[in-house]
> 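Take this structure first; my questions come after.
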Amino acid sequence: MSKKTLHAVLFGPPGSGKGTQGQLLADRFDVPQIGAGELFRAEIAEKTVQGKLLKEYVGSGVLVPDELVNAVITNQLKQLDLRKGFVLDGYPRNVEQATHLNRVAKINLAIQLKIPDKEAVRRLTGRVQCVDCEQVYHLTDTPPIKPGICALCGGKLKKRNDDTKDLIRKRLETFHFMTEPLVTYYRQQGVLLTITGEQAIPYVFEEIIKKIGKLGFKS
Ligand code: ADP
Ligand code: ADP
Ligand code: ZN
């Protein structure tokens, strides 16, 4: 089988490891990673026109309206040479967004990361993130060497505002209601790959690599 370029999306509940695995995949396959939440937080920090609109939603546990999300992501995709591949994590998050994406870029792999809600809560309540470079840590699973300090850039580590018990619950509900139907959508497109995301980070990554290798994607 000839080598296929990765045109991938990653979806799963908050805390399933989309950002973590997306970054590993992008590095291994040498393709750009577009993290929806990350991109939105950058727009907000830069106080762009779209950032000001996004601010109302991001961090409050509700989804950003499709029209706005689609515009921001399309704009980002337009800056890439899509033929060279990409990994999108956190987008699409519902069938309407997936339908929009389908018109902008053809997807040949949709990775569903599956974890129980209880594990999502455990992970997100322990998640801390670098304020400068966005590197993610977990207070007990993958702690930084120096407490509170990013091992990569020396930046301060902070909890995200939406990683509170109440907002985690709300985001999980939204996931089950809005995002889970993507399973059927991508299965029908013949590109669905379901991965059990409960093992430690390197094991989950190896499982992805093994399975997508069999599908003809080679790093
Ligand atoms: P998402 O982008 O899906 O919200 P992240 O990649 O930010 O998820 O991961 C959420 C939290 O869980 C982070 O603190 C991260 O370090 C941790 N984490 C990610 N994958 C695993 C894993 N396989 N096992 C344990 N902890 C993990
Ligand atoms: P997580 O997966 O941990 O919830 P993200 O960093 O991916 O976090 O997203 C943070 C927030 O950004 C979401 O709670 C939501 O408000 C917004 N967001 C991210 N991606 C989308 C999307 N595809 N559609 C709508 N809102 C989104
Ligand atoms: Zn950092």
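For the numbers below, each heavy atom of this structure counts, side chains included, while hydrogens, waters and symmetry mates do not. These numbers were taken from a predicted model, which means no experiment stands behind them. Numbering of ligands and ligand atoms starts at 1, following listing order.
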> I'd like to check whether Q199 has a polar contact with ligand 1, where a contact means an N/O of the residue lying under 3.5 Å from an N/O of the ligand.
yes
> Rounded to the nearest 0.5 Å, how far does CD of Q97 lie from CG of D66?
4.5 Å
> Tell me, which protein residue and heavy-atom name are nearest atom 20 (N) of ligand 1, and how many Å apart are they?
I201 CG1, 3.4 Å
> Picking from L172, T179, T174, what satisfies side-chain contact (heavy atoms from CB on, under 4.5 Å) with P14?
L172
> Going by the closest heavy atom to atom 24 (N) of ligand 1, which one wins out of R123, R122, Q21?
R123
> Under 3.5 Å between any N/O of K18 and any N/O of ligand 2: does that happen in this structure?
yes
> Going by distance only, is there an N or O of R127 that falls short of 3.5 Å from an N or O of ligand 2?
yes
> Do any nitrogen or oxygen atoms of G126 lie less than 3.5 angstrom from nitrogen or oxygen atoms of ligand 1?
no
> Counting from 1, what ligand 1 atoms have a heavy atom of P13 closer than 4.0 Å?
3 (O)
> According to a hydrophobic-cluster definition based on side-chain heavy atoms being under 4.5 Å apart (Ile, Leu, Val, Met, Phe, Trp, Tyr only), do L54 and L39 belong together?
yes
> Can you list the ligand 2 atoms lying under 4.0 Å from a non-hydrogen atom of V69?
22 (C), 23 (N), 24 (N), 25 (C)
> Hey, does G90 come in under 3.5 Å of ligand 2, counting only N/O atoms on both sides?
yes
> Which residue and non-hydrogen atom of the protein lie closest to atom 16 (O) of ligand 2, and at what distance in Å?
V62 O, 2.6 Å
> Kindly check if the number of other-residue, nucleotide or ligand heavy atoms within 6.0 Å of CG (N102) is above 12?
yes
> Are L192 and F217 co-members of a hydrophobic cluster defined by side-chain heavy atoms under 4.5 Å apart?
no
> Nearest 0.5 Å, please: how far is CZ in R93 from CZ in F11?
12.0 Å
> Would R123 and E119 pass as an ion pair if we require N to O under 4.0 Å?
yes
> Which ligand 1 atoms are under 4.0 Å away from a heavy-atom of T20?
5 (P), 6 (O), 9 (O), 19 (C)
> What I want to know is whether F40 and ligand 2 share at least one N or O pair that is separated by under 3.5 angstrom.
no
> Given the rule that I, L, V, M, F, W and Y join up when any side-chain heavy atoms are under 4.5 Å apart, are V9 and V64 in one cluster?
yes
> Any salt bridge linking R41 with E38? Criterion: basic side-chain nitrogen under 4.0 Å from a carboxylate oxygen.
no
> From I145 CD1 over to L152 CG, what is the distance, rounded to the nearest 0.5 angstrom?
9.0 Å
> Out of curiosity, does V72 fall in the hydrophobic cluster containing L101 (side-chain heavy atoms, cut-off under 4.5 Å, transitive links)?
yes
> Considering heavy atoms of the protein only, find what lies nearest to atom 8 (O) of ligand 1 and give residue, atom and distance to 0.1 Å.
G17 N, 3.2 Å
> Any Lys/Arg nitrogen of E206 or R28 sitting under 4.0 Å from an Asp/Glu carboxylate oxygen of the other?
yes
> Check ligand 1 against T142 and write out every atom of the ligand that is under 4.0 Å from a heavy-atom position of the residue.
16 (O)
> List every atom of ligand 1 that sits less than 4.0 Å from any heavy atom of G197, numbering the atoms from 1 in the order shown and giving each element.
23 (N)
> Would you say V204 and ligand 1 have an N/O pair spaced under 3.5 Å apart?
no
> Need the ligand 1 atom indices (1-based, order shown) with element for anything under 4.0 Å from a heavy-atom of D141.
25 (C), 26 (N)
> So which protein heavy atom does atom 2 (O) of ligand 1 come closest to, and at what separation?
G19 N, 3.0 Å
> Nearest to atom 13 (C) of ligand 1, what protein heavy atom do you find, and at what distance?
V136 CG1, 3.3 Å
> Hey, what do you get for OG1 (T20) to CG (L25), rounding to the nearest 0.5 Å?
11.0 Å
> Give yes if a backbone or side-chain nitrogen or oxygen of P14 is under 3.5 Å from a nitrogen or oxygen of ligand 1, and no if not.
no
> Is it the case that ligand 2 has an N or O less than 3.5 angstrom from some N or O of P92?
no
> Start with the C-alpha gap between V87 and F29, add the side-chain angles, then the distance that decides, and say whether side chain to side chain contact (heavy atoms under 4.5 Å, CB included) holds.
CA-CA 9 Å; V87 172; F29 284 84; over 6 Å; no
> Suppose the cut-off is 2.8 Å; which protein N/O/S atoms would you list for the Zn ion (ligand 3)?
C130 SG, C133 SG, C150 SG, C153 SG
> Around atom 14 (O) of ligand 1, find the nearest protein heavy atom and jot down its residue, atom name and distance.
Y137 O, 2.9 Å
> Salt bridge check: are R171 and D163 linked by an N-O gap of less than 4.0 Å?
yes
> With sequence neighbours left out, what residues match K158 under side-chain hydrogen bond (donor to acceptor under 3.5 Å, both in side chains)?
none
